Structure formats: structure tokens, C-alpha cells
Peer 1: 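Quick one: the structure is below, and I'll ask about it shortly.
Just so we're clear, the structure is a prediction, and the values are computed from it rather than from any experiment. For the single chain, residues carry numbers from 1 onward in sequence order.
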Amino acid sequence: MIRSFGFYANSLTQRVPPMGWDAVGIVEAVGEAVETFSPRDTVWYAGAINRPGTNAEFHLVDERIVGAAPKSIPAKEAAAMPLTTLTAYEMLFDRLRVQDAVSGGTNSLLVFGGEGGVGSITIQLARALTDLTVIATASRPETQDWVRELGAHHVINHAEPLGTQLGALGFESVDFIFSTNQSQLHASEAGEVMTPQGRFGLIDDPETFDIAPFKPKSISLHWEFMYTRSLFGTGDMNRQSEILNQVAGLIDDGKIRSTATDTLATINAANLMKAHAILESGKAKGKLVLEGF
């Protein structure tokens, strides 16, 4: 059992029934079979979709999806990150397999929605762990500045023609695309600008998604849902603990920063409603955090 003292307002890019997932907390007690953690350890996690979320003060969490929390940043900053970090890491390295180059490609990654919670950590992971050229989309001056601060090599506007903007940067094509929202709007242009045999990943839930533009270039499609491992108890479920531990080390080494941008005080109904209203506005930057009870 873990007592939470940090929580971030859940993003709306994935459909999950209860709200509230990410947390940083202190282990209060462990089961007899637990091998990794002990009482008083400080941990972070994103929970499981088939268990109650982190709007509660105490949580029961499987140790295979829990990591040791970073030591160099406050709990409220760490609590902004587990769900988005796991989503971004799994997409990059387990789904898109960006470590395996696309033959004849440009060694490039395009992130749609670079200013959001998932995009913000995707940019940083790609910069810290790969040699890819990272191109992110953002439409407002403040969000364009944000993604540059996070390490994007280039910033383009998703509301303008992609091919023209990429060409101006010297890219004939991009090898990998990670779409964090409104993926149905990007399929046609993606088919045009991607390298043959490139890989396209998405995390949202478009009602329709036309993959026909991908066929001529044999572009593969990859869906990421970070609760798959815990929901189905996959044989590699411990992978999430490993990812969280690795990213905590990157944070403590100063190679990745928290994506938390605002704190809305304690966890209560009014603040939860306020946080979700901001997220639903489509104008959020980074992540929102609620702290304490």
C-alpha cells in the first residue's frame, strides 16, 4: 500500500474510465511476495486501468509497474510524469522501434502535438537516448518556445502544409511520426511526407482513420496504450518498472526535466474540475499538478 502525496491532472488523449493515474508516494506496507520495495521507499507510477486511480490517498499497486522516484526534483514535479513518460518511451522504443533505422531514411522523428504532456517528454527522450533529428509541431508562439526549450531541433505548424515546411528545413521525408492528437487529420499528409517503410504511431482514439495513404510506401501503423501490459498481465510487465527507473536516473543526471508547468493546490473536487477544464480547452502546455489532500 502506498500513500500518495503527488498527483497530476490526467491528460485526455486516451479514454480511461476513472480519472487520476500518476502519483508519487511513500510505501506504507508491502505484500509477502514483494521483492523490489520496502516501507518508506519513495516511488512513482501510473497505476492500472482496471484498478481505482490516484484521486484517492492510498493505492494498491503491483510492484512490476512501480519505479523508484527521482531524488533531485520535488514530488509535485515528478508526479506529472509517469503516464506520459511510459507512453512516450513505449511508443518510441517498443512500438516505433526508433533504434532500428529506416533504410535510406533521414534519421528523423516528427512529433505532432509537441507542446502537450506526451509530446513534451517524447522530445526529451528522443534527444537524450537517440541521435534522431526531432521535429515538433506547435502553433502558438509560447508553445513553440516551450518545445524548443525541451530540445526540439525544429518546430513547424501543424495547421500549415507539412511538406512545404519540411522542405524548407531540408527534409525530403521523415522516418518516424508520433501523433498524439487529431491523428485522423494527419494521415493523408503523413503518407506524403514519410520515408518509404517508415513507421507511424498514434495514441488517441479517432473515430475513423484512413490508412490507405500508407500502402504505397509500406508505412507501418503502431498503436500505443500504456495500460496494455498491466491490463493483460503480459510477460514483460516489469518493463514499466525498468522504464521508470531509467527515466528517474535521467532526471537525476540532469538529462531530462519535469514537464509540470502549473500546480493547482490540493486534490479536491473543485481543483479537479478546474484542471480538467484547462485540459479540455486544448490550450494546456506540459502538465498540471495537484498536490496533497
Peer 1: Heavy atoms only: give me the nearest Ala128-Ile256 pair and the separation to one decimal.
Peer 2: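 Nearest heavy atoms, Ala128 then Ile256: CB-CG1, 4.4 Å.
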Peer 1: For the backbone of Asn238 and the side chain of Ser241, can you confirm whether one donor and one acceptor N or O come within less than 3.5 Å of each other?
Peer 2: no
Peer 1: Quick check for you: to the nearest 0.5 Å, what is the distance between Thr133 atom OG1 and Leu109 atom CG?
Peer 2: 9.5 Å
Peer 1: Taking all heavy atoms of Ser230 and all of Gly47, pick out the closest pair and write down the distance.
Peer 2: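 Closest pair (atom of Ser230, atom of Gly47, distance): OG-O, 4.3 Å.
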Peer 1: On a heavy-atom basis, which atom in Met194 and which in Asp175 lie closest, and how many Å separate them?
Peer 2: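 Scanning both residues completely, I find the closest heavy atoms to be CE-O, 3.5 Å.
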Peer 1: Starting from Phe225, can I reach Leu125 by hopping between I/L/V/M/F/W/Y residues whose side chains sit under 4.5 Å apart?
Peer 2: yes
Peer 1: Could you check His158, His154, Glu115, Gln165 and say which one makes a side chain to side chain donor-acceptor pair (under 3.5 Å) with Thr137?
Peer 2: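 Testing each of His158, His154, Glu115, Gln165 against Thr137, the sole residue satisfying side chain to side chain donor-acceptor pair (under 3.5 Å) is His158.
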Peer 1: Take Val134 and Val147 through the test side-chain contact (heavy atoms from CB on, under 4.5 Å) and record every step on the way to the result.
Peer 2: CA-CA 10 Å; Val134 180; Val147 297; over 6 Å; no
Peer 1: Does Val61 reach the side chain of Val43, with side-chain heavy atoms less than 4.5 Å apart?
Peer 2: no
Peer 1: Output the distance between atom CG (Leu244) and atom CD1 (Ile65), rounded to the nearest 0.5 Å.
Peer 2: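 The CG atom of Leu244 sits 9.0 Å away from the CD1 atom of Ile65.
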Peer 1: Write down the atom of Thr234, the atom of Thr228, and the distance for their closest heavy-atom approach.
Peer 2: CG2-O, 4.1 Å
Peer 1: Walk me through it: do Leu110 and Phe171 pass the test side-chain contact (heavy atoms from CB on, under 4.5 Å)?
Peer 2: CA-CA 11 Å; Leu110 173 59; Phe171 289 89; over 6 Å; no
Peer 1: Do side-chain atoms of Ser139 reach the backbone of Asn157 as a donor and acceptor pair under 3.5 angstrom?
Peer 2: no
Peer 1: Using the six-membered ring wherever Trp is involved, compare the ring planes of Tyr45 and His59 and label them parallel, tilted or perpendicular (cut-offs 30° and 60°).
Peer 2: perpendicular
Peer 1: Determine whether more than 12 heavy atoms belonging to other residues, nucleotides or ligands lie under 6.0 Å from atom CG of Leu185.
Peer 2: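 Enclosed: over 12 neighbouring heavy atoms sit under 6.0 Å from CG of Leu185.
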Peer 1: Are Ile219 and Val98 connected in a single hydrophobic cluster, I mean Ile/Leu/Val/Met/Phe/Trp/Tyr linked by side-chain heavy atoms less than 4.5 Å apart?
Peer 2: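 Different clusters.
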Peer 1: What is the distance from atom CG of Leu96 to atom NE2 of His222, rounded to the nearest 0.5 Å?
Peer 2: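 Nearest 0.5 Å value for the CG-NE2 distance: 6.0 Å.
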Peer 1: Taking salt bridge (Lys or Arg N to Asp or Glu O under 4.0 Å) as the criterion, tell me which of Glu90, Glu242, Glu224 meets it with Arg229.
Peer 2: Glu90
Peer 1: Within a 6.0 Å radius of atom CD on Glu35, are there more than 12 heavy atoms belonging to other residues, nucleotides or ligands?
Peer 2: no
Peer 1: Under the side-chain contact (heavy atoms from CB on, under 4.5 Å) rule, what do Phe176 and Leu92 come out as? Steps first, then yes or no, please.
Peer 2: CA-CA 9 Å; Phe176 307 100; Leu92 288 175; over 6 Å; no
Peer 1: State whether the side chain of Asp204 and the backbone N or O of Ser183 hold a donor-acceptor pair below 3.5 Å, judged by distance alone.
Peer 2: yes
Peer 1: List the atom of Gly105, the atom of Thr195, and the distance in Å for their closest heavy-atom pair.
Peer 2: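 Shortest heavy-atom contact: CA-CG2, 3.8 Å.
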Peer 1: May I ask you to say whether Asp62 pairs ionically with Arg51, meaning some side-chain N is under 4.0 Å from a carboxylate O?
Peer 2: no
Peer 1: Any link between Val111 and Leu132 through a network of hydrophobic side chains (Ile, Leu, Val, Met, Phe, Trp, Tyr) touching at under 4.5 Å?
Peer 2: yes
Peer 1: With the threshold set at 4.0 Å, does a side-chain nitrogen-carboxylate oxygen contact exist between Asp100 and Arg97?
Peer 2: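 Answer for the salt bridge query: yes.
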Peer 1: Taking CD in Glu172 as the centre, count heavy atoms belonging to other residues, nucleotides or ligands within less than 6.0 Å. Is the count above 12?
Peer 2: no
Peer 1: To the nearest 0.5 Å, tell me how far Arg127 CZ sits from His153 NE2.
Peer 2: 3.5 Å
Peer 1: If we only count heavy atoms from C-beta on, is the Leu150 to Arg257 side-chain gap below 4.5 Å?
Peer 2: yes
Peer 1: Linking I/L/V/M/F/W/Y whenever any side-chain heavy atoms sit under 4.5 Å apart, do Ile121 and Ile251 land together?
Peer 2: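 Linked, Ile121 and Ile251 end up in one cluster.
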Peer 1: Should Ile203 and Trp223 count as side-chain neighbours, where that means a heavy-atom distance under 4.5 Å?
Peer 2: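 A side-chain contact is absent here, since even the closest heavy-atom pair is not under 4.5 Å.
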Peer 1: Side-chain heavy atoms nearer than 4.5 Å, only ILVMFWY residues, links allowed to pass through others: does that put Phe178 and Leu202 together?
Peer 2: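 No, separate clusters.
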Peer 1: Considering non-hydrogen atoms only, spot the tightest contact between Ser173 and Ser108 and give its length.
Peer 2: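 For Ser173 and Ser108, the tightest heavy-atom pair comes out as O-OG, 3.8 Å.
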Peer 1: For residues Ile156 and Leu162, determine if any side-chain heavy atom of one lies less than 4.5 Å from a side-chain heavy atom of the other.
Peer 2: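 Ile156 vs Leu162: side chains touch.
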Peer 1: When rounded to the nearest 0.5 angstrom, what is the spacing between CZ in Phe200 and CG in Leu221?
Peer 2: 7.0 Å
Peer 1: Is the closest side-chain heavy-atom distance between Ser120 and Thr84 below 4.5 Å?
Peer 2: no
Peer 1: Between the main-chain N or O of Ala48 and the side-chain N or O of Trp21, is there a donor-acceptor pair closer than 3.5 Å?
Peer 2: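 Side chain of Trp21 to backbone of Ala48: no pair is present.
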Peer 1: Does any part of the side chain of Ser38, heavy atoms only, come nearer than 4.5 Å to the side chain of Val30, both counted from C-beta?
Peer 2: no
Peer 1: Less than 4.5 Å apart, any side-chain heavy atom of Leu129 and any of Phe93?
Peer 2: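 Yes - at least one pair of side-chain heavy atoms lies under 4.5 Å apart.
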Peer 1: Around atom NZ of Lys217, are there more than 12 heavy atoms from other residues, nucleotides or ligands closer than 6.0 Å?
Peer 2: yes
Peer 1: Look at the rings of Phe214 and Phe209 and say which category their plane angle falls in: under 30° parallel, 30 to 60° tilted, over 60° perpendicular.
Peer 2: perpendicular
Peer 1: Applying side-chain contact (heavy atoms from CB on, under 4.5 Å) to Arg239 and Tyr89, what does each step give before you reach the verdict?
Peer 2: CA-CA 11 Å; Arg239 169 85 163 145; Tyr89 195 107; 3.5 Å; yes
Peer 1: Looking at Leu83, is its backbone amide N or carbonyl O close enough to the side chain of Asp22 to form a donor-acceptor pair, meaning the two atoms are under 3.5 Å apart?
Peer 2: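 Confirmed, Asp22 side chain pairs with Leu83 backbone.
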Peer 1: Just so I know, are the side chains of Leu250 and Gln124 near enough to count as touching, which here means a heavy-atom distance under 4.5 Å?
Peer 2: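 No, too far: nothing below the 4.5 Å cut-off.
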Peer 1: Drop me the distance from Asp94's CG to Gln240's CD, to the nearest 0.5 angstrom.
Peer 2: 9.5 Å
